[in-house]
Peer 1: 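The structure's right below; bear with me while I get my questions together.
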Amino acid sequence: MRLDVIKNARLYVSISSVVILAGLAAMVISFQQLGSPLRLGIDFTGGSSITLGLACDSTNTCGKKIDIAVVRQAIESKGFANSVIQSVEGKDLQGVSVRTARLSTEQRDKLILAMTDSLKQYGEVDAKKSQIDEVGPAIGQQALNNGLLALALSFVGIGIYLTFRFQSDYASFALIALLHDVLVTAGIFSIFGLTLGVEIDSLFIVALLTICGFSVNDTVVIYDRIRENVKIDAGATKFNDLINASVNQTLGRSINTTLTSTLPLIAIFLFGGTTLRFFSLALIIGFLSGVYSSIFNASIFLAWWRSRQTPKISQQPLESN
């Protein structure tokens, strides 16, 4: 079956537009209700971090491994459902760390009591190996700003690279495809934040950077094939037909790469625990959006742009850089 990208171009672009507009609408609502386009976690807003360590015996044996699910169930039953829970392990240390929103003294004592009760089956809590930290909102805001700066710099770097490798119009539409992937992922998580209370943390920024790298790689493969076909064809075929041919020639590779990358992420989402669940979900959404934007949006916008040029320019072979 041959995919005709240009024939159904308006349909493909409309699908992207609807998804992005829905996400932007959710961001506006989220900003009105929460003060930010997405529901921010304590990595960005600040909060409390409580770590309880178990007392080890004289041989530095700390007993059986702590089941995080047991701790999670205990603290969620006390009203701390949005906490981030991690195990803490070392040579002579075994314990659990809980990060949550800023707590009052009463709330903090309540959380510590719930954590202590859940750890009794694993050993006695050692006060010397336990600590309580407060993460201020200023530090959280700095982390958010650094993440957004890293994302912006990645766009600049990718744009410069693509401009030298291809041409400025290729680079521009590749960046539009990247922006599409970021907006789709952020928009869906904004919807999740409003409907399911999903918060984003620093791993979400990591996921966005990973999505950019994955998506631009897929776009480069398609653009490389377009460039090769233009040079080989030497103007004998319409540019739109070369776009269709190039997309179909790389379609199997794009789908297989996305499939093999997404399947492990699905396994992580299902069985990887709460800490990695939404990180893997962001990657799944971004990877699927990335292959869609590479196959359809990046190619369609390039075809539309070249169709506005003179026939001579639109079918001119690209110089290899």
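Side-chain atoms are counted along with the backbone in the values below, which use heavy atoms only and exclude waters and symmetry mates. Computed from a predicted model, the values in this text were never measured in an experiment. Positions are given from 1 along the sequence.
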Peer 1: Please say which of Asn248, Asn297, Asn244 ends up in a side chain to side chain contact (heavy atoms under 4.5 Å, CB included) with Val5.
Peer 2: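 For Val5, the side chain to side chain contact (heavy atoms under 4.5 Å, CB included) check succeeds only for Asn244.
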Peer 1: How long is the gap from NZ on Lys110 to CG on Leu103, to the nearest 0.5 Å?
Peer 2: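 CG of Leu103 is found 10.5 Å from NZ of Lys110.
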Peer 1: Between atom OG1 of Thr219 and atom CG of Leu178, what is the distance when rounded to the nearest 0.5 Å?
Peer 2: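 One gets 6.5 Å once the value is rounded to the nearest 0.5 Å.
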Peer 1: If you round to the nearest 0.5 Å, how far is CD1 of Ile158 from OG1 of Thr163?
Peer 2: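 These two atoms lie 11.5 Å from each other.
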Peer 1: How long is the gap from CZ on Phe287 to OG1 on Thr210, to the nearest 0.5 Å?
Peer 2: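 Phe287 atom CZ to Thr210 atom OG1 measures 6.5 Å (nearest 0.5 Å).
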Peer 1: Does any N or O in the side chain of Ser118 come within less than 3.5 Å of the main-chain N or O of Val70, such that one atom is a donor and the other an acceptor?
Peer 2: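 Pair absent, no side-chain N/O of Ser118 close to backbone of Val70.
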Peer 1: Indicate the ring-plane relationship of Phe296 and Tyr292, choosing parallel, tilted or perpendicular according to the 30° and 60° boundaries.
Peer 2: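 Ring orientation of Phe296 relative to Tyr292: tilted.
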Peer 1: Got a second to check how far Asn256's CG is from Leu251's CG, nearest 0.5 Å?
Peer 2: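 Asn256 CG to Leu251 CG: 9.0 Å, rounded to 0.5 Å.
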Peer 1: Identify which one of Tyr223, Trp305, Tyr161 satisfies the ring pair (Phe, Tyr, Trp, His ring centres under 6.0 Å) criterion when paired with Tyr170.
Peer 2: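 The ring pair (Phe, Tyr, Trp, His ring centres under 6.0 Å) with Tyr170 is passed solely by Tyr223 among Tyr223, Trp305, Tyr161.
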Peer 1: Mind checking whether Ser307 and Phe239 have side chains closer than 4.5 Å, heavy atoms only?
Peer 2: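 No, every pair of side-chain atoms sits at 4.5 Å or beyond.
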Peer 1: For Ser130, is there any backbone N or O sitting under 3.5 Å from a side-chain donor or acceptor partner on Thr51?
Peer 2: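 Side chain of Thr51 to backbone of Ser130: no pair is present.
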Peer 1: Which heavy atom of Thr185 sits nearest to which heavy atom of Ala282, and what is that distance?
Peer 2: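 What the structure gives for the nearest pair is CG2-O, 3.8 Å.
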Peer 1: Do Phe279 and Ile268 touch side chain to side chain, with heavy atoms closer than 4.5 Å?
Peer 2: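 In short, these two side chains do not touch, never coming nearer than 4.5 Å.
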Peer 1: Just so I know, are the side chains of Asn229 and Gln249 near enough to count as touching, which here means a heavy-atom distance under 4.5 Å?
Peer 2: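 Yes. Closest side-chain heavy atoms under 4.5 Å.
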Peer 1: Do Thr257 and Val221 come close enough that some side-chain heavy atom pair is under 4.5 Å?
Peer 2: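 Not touching, per the 4.5 Å side-chain cut-off.
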Peer 1: For residues Leu34 and Phe278: do they belong to one hydrophobic cluster (side chain heavy atoms under 4.5 Å, members Ile, Leu, Val, Met, Phe, Trp, Tyr)?
Peer 2: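 No, no single cluster joins them.
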Peer 1: Can you check whether Gly290's main-chain N or O pairs, donor with acceptor, with Ser293's side chain at less than 3.5 Å?
Peer 2: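 Yes: the side chain of Ser293 pairs with the backbone of Gly290.
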Peer 1: Please examine the side chains of Leu283 and Ser261, heavy atoms only from C-beta on, and report whether any two atoms are closer than 4.5 Å.
Peer 2: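 Side chain of Ser261 against side chain of Leu283, heavy atoms only: no contact under 4.5 Å found.
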Peer 1: Hey, quick one: are Phe271 and Ile284 part of the same hydrophobic cluster, counting side-chain heavy atoms closer than 4.5 Å, chains of contacts allowed?
Peer 2: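 Hydrophobic grouping puts Phe271 with Ile284.
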Peer 1: According to side-chain hydrogen bond (donor to acceptor under 3.5 Å, both in side chains), who are the partners of Ser30, at least two apart in sequence or on a separate chain?
Peer 2: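 For Ser30 there are no side-chain hydrogen bond (donor to acceptor under 3.5 Å, both in side chains) partners, ignoring immediate neighbours.
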Peer 1: Short question: side chain of Thr250, backbone of Val247 - any donor-acceptor pair under 3.5 Å?
Peer 2: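 Yes.
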Peer 1: Are Gln167 and Arg227 packed together at the side-chain level, in the sense that at least one heavy-atom pair is separated by less than 4.5 angstrom?
Peer 2: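 The answer is no, as the side chains (C-beta and beyond) never meet within the 4.5 Å cut-off.
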Peer 1: Got a salt bridge between Arg225 and Glu228, using NZ or NE/NH1/NH2 to carboxylate O under 4.0 Å?
Peer 2: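 Result for this pair is yes, salt bridge flagged.
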Peer 1: Grab the two heavy atoms, one from Ile85 and one from Arg72, that are nearest each other, plus how far apart they are.
Peer 2: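 For Ile85 versus Arg72, the nearest heavy atoms are CD1-CA, 3.5 Å.
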Peer 1: Less than 4.5 Å apart, side chain to side chain, heavy atoms only: is that true for Leu54 and Tyr122?
Peer 2: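 They are in side-chain contact.
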Peer 1: Atom CD1 in Ile15, atom CD1 in Ile20: separation rounded to 0.5 Å?
Peer 2: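 Here the rounded value is 12.0 Å.
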Peer 1: Is there a donor-acceptor pair closer than 3.5 Å between any side-chain N or O of Ser104 and the backbone N or O of Gln107?
Peer 2: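 Judged by distance alone, yes, a pair lies under 3.5 Å.
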Peer 1: Could you tell me whether the side chain of Arg108 reaches within less than 4.5 Å of the side chain of Thr105, counting heavy atoms only?
Peer 2: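 Yes. Closest side-chain heavy atoms under 4.5 Å.
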Peer 1: Would Ser154 and Leu208 satisfy side-chain contact (heavy atoms from CB on, under 4.5 Å), going step by step from the backbone distance to the final call?
Peer 2: CA-CA 10 Å; Ser154 71; Leu208 292 182; over 6 Å; no
Peer 1: Using the side-chain hydrogen bond (donor to acceptor under 3.5 Å, both in side chains) criterion, which residues pair with Ser215? Sequence neighbours excluded.
Peer 2: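 For Ser215 the side-chain hydrogen bond (donor to acceptor under 3.5 Å, both in side chains) partners, ignoring immediate neighbours, are Asp181.
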